[in-house]
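Residue indices begin at 1 and follow the sequence shown. It should be emphasised that the depicted structure is a prediction, and the values quoted were computed from it without experimental measurement.
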Amino acid sequence: QLQLVESGGGLVQPGGSLRLSCAASGFTLDYYVIFWFRQAPGKEREGVSCISLGGGSTNYADSVKGRFTISRDNAKGTAYLQMNSLKPEDTAVYYCAAQNLGGPHNYYCSQYPHRDEIDVWGEGTQVTVSS
């Protein structure tokens with residue numbers, strides 16, 4: 001069974017930091033593009049960040065540029081989202097997601113796929129930014 005398991009969410013004060021992890025189970029990440037999405041109450045799920053197979057291409061939503069950093073360690077089967085200078089509007093459930101490219105690919109992160117195009121979803125981790 002292919003699974004992604006997120007961890008690292010929690011309650012943090014404005015201006016604080018959190019590091020989310022996304023661990024793959026049942027498969028290797030080597031040929032998967034990794035995305036982070038988030039969904040706040042009453043809002044649609046939105047793409048936050050993307051990282052290509054080898055990490056050479058990344059993309060960030062305008063709302064998180066300069067504050068969030070995505071990375072991956074394929075040997076460990078884990079991706080990360082470092083979130084700094086958190087704001088109350090970052091409060092949401094954060095999901096990692098993986099899209100299988102089937103092999104080596106010079107993928108360029110430029111847009112976020114429809115949920116039907118994602119092969120594996122994590123269950124999500126809650127991030128709450130509040131004083």
If you take all heavy atoms of [X] and [Y], which pair is closest and at what distance?
X	Y	value
A97	I118	CB-CG2, 3.6 Å
A98	Y32	CB-CD2, 3.5 Å
A40	A92	N-CB, 3.8 Å
G47	A61	O-CB, 3.5 Å

Problem set entry | Residue pairs fulfilling side chain to side chain donor-acceptor pair (under 3.5 Å) with at least one residue in residues 115-125, sequence neighbours excluded |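 Non-adjacent pairs meeting side chain to side chain donor-acceptor pair (under 3.5 Å): zero.
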Exercise. Got a sec, which pairs hit salt bridge (charged side-chain N to carboxylate O under 4.0 Å, His left out) with one end in residues 20-42, sequence neighbours left out?
Worked result: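 Matches after skipping sequence neighbours: R38-E46, R38-D90.
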Considering only distance and modelled atom types, tabulate donor-acceptor pairs under 3.5 Å from the side chains of residues 81-88, sequence neighbours left out.
unit_1, atom_1, unit_2, atom_2, d
Q82, NE2, N84, OD1, 2.9
N84, OD1, S17, OG, 2.9

For this session: Name all residues meeting the side-chain contact (heavy atoms from CB on, under 4.5 Å) criterion together with T58; count only those two or more places apart in sequence or in a different chain, and write none if there are none.
Result: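 If we apply the side-chain contact (heavy atoms from CB on, under 4.5 Å) test to T58, skipping adjacent residues, the hits are I51, Y60, I70.
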Problem set entry | side-chain contact (heavy atoms from CB on, under 4.5 Å) involving T78 - partner list, sequence neighbours excluded |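 Testing T78 for side-chain contact (heavy atoms from CB on, under 4.5 Å), a comparison that skips the adjacent residues, returns S21, A23, K76, Y80.
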For this session: Say whether, by atom type as modelled, one donor and one acceptor occur between the side chain of R72 and the main chain of S52 under 3.5 angstrom.
Result: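 Confirmed, R72 side chain pairs with S52 backbone.
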Just wondering, do [Y] and [X] contact through their side chains at under 4.5 Å, heavy atoms?
X	Y	answer
L53	H105	yes
F27	L4	yes
F68	S63	no

For this session: Report, as yes or no, whether the 6.0 Å neighbourhood of atom CD on E44 holds more than 12 heavy atoms from other residues, nucleotides or ligands.
Result: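 Not more than 12 within 6.0 Å, no.
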Exercise. In the hydrophobic clustering that connects Ile, Leu, Val, Met, Phe, Trp and Tyr at side-chain heavy-atom distances below 4.5 Å, which members other than L11 occupy its cluster, ordered by chain and number?
Worked result: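 For L11, no cluster forms, as it stays isolated from other hydrophobic side chains.
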For this session: List in chain and number order the residues that pass side-chain hydrogen bond (donor to acceptor under 3.5 Å, both in side chains) with T69, two or more places apart in sequence or in another chain; answer none if no residue qualifies.
Result: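 Expected list: none.
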Problem set entry | Within residues 66-130 or reaching into it, pairs that qualify as disulfide bond (SG atoms under 2.5 Å apart) - sequence neighbours excluded |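 Listed by first then second residue: C22-C96, C50-C109.
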Test of understanding: clusters of I, L, V, M, F, W, Y form through side-chain heavy atoms closer than 4.5 Å, transitively. Do [X] and [Y] belong to the same one?
X	Y	value
L18	I34	yes
V64	V129	yes
V127	Y95	no

Problem set entry | With sequence neighbours excluded, residues passing ring pair (Phe, Tyr, Trp, His ring centres under 6.0 Å) with Y94 |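 Y94: no ring pair (Phe, Tyr, Trp, His ring centres under 6.0 Å) contacts found.
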For this session: Under the ring pair (Phe, Tyr, Trp, His ring centres under 6.0 Å) rule, collect the residues that match up with Y107, sequence neighbours excluded.
Result: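 Applying ring pair (Phe, Tyr, Trp, His ring centres under 6.0 Å) to Y107 gives none.
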Problem set entry | With sequence neighbours excluded, residues passing salt bridge (Lys or Arg N to Asp or Glu O under 4.0 Å) with K65 |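 Per chain and number, K65 pairs via salt bridge (Lys or Arg N to Asp or Glu O under 4.0 Å) with D62.
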For this session: With side-chain contact (heavy atoms from CB on, under 4.5 Å) as the test, would you mind laying out the steps for W36 and E6 before giving the verdict?
Result: CA-CA 10 Å; W36 285 95; E6 301 101 334; 4.0 Å; yes
